[in-house]
Amino acid sequence: MTTIDPQTADQVPDVLPDPWEVLCGTKWPALETACGSGAKVPRVLVRLLDEDLTVPERAFWYF
């Protein structure tokens, strides 16, 4: 199924991409963050995908 994007009128899929595909397929060091390079971002985001619920809670302590 698809949805119409109200800003562009384009059809977009209703299904979100797999988080692991996005995490592994993004060139993080090429991105700029408020803290500098995006090189550290994957180490934080991978914690958000952890099944242990205490890990995502602490993920941003290390950013």
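Note that the structure is a prediction, hence the values are computed from the model and not measured. Just so it is clear, the values below take in all heavy atoms, side chains as well, and ignore hydrogens, waters and symmetry mates.
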Check step by step if side chain to side chain contact (heavy atoms under 4.5 Å, CB included) holds for V22 and L45.
CA-CA 10 Å; V22 174; L45 294 179; over 6 Å; no
Residue of the set V46, T33, T26 for which side-chain contact (heavy atoms from CB on, under 4.5 Å) holds with V41:
T33
Do you know which two heavy atoms are closest between S37 and P29, and how far apart they sit?
OG-O, 3.4 Å
For D18, what residues pass the side chain to side chain donor-acceptor pair (under 3.5 Å) criterion, not counting sequence neighbours?
none
Residues forming a side chain to side chain contact (heavy atoms under 4.5 Å, CB included) with P19, sequence neighbours excluded
L49
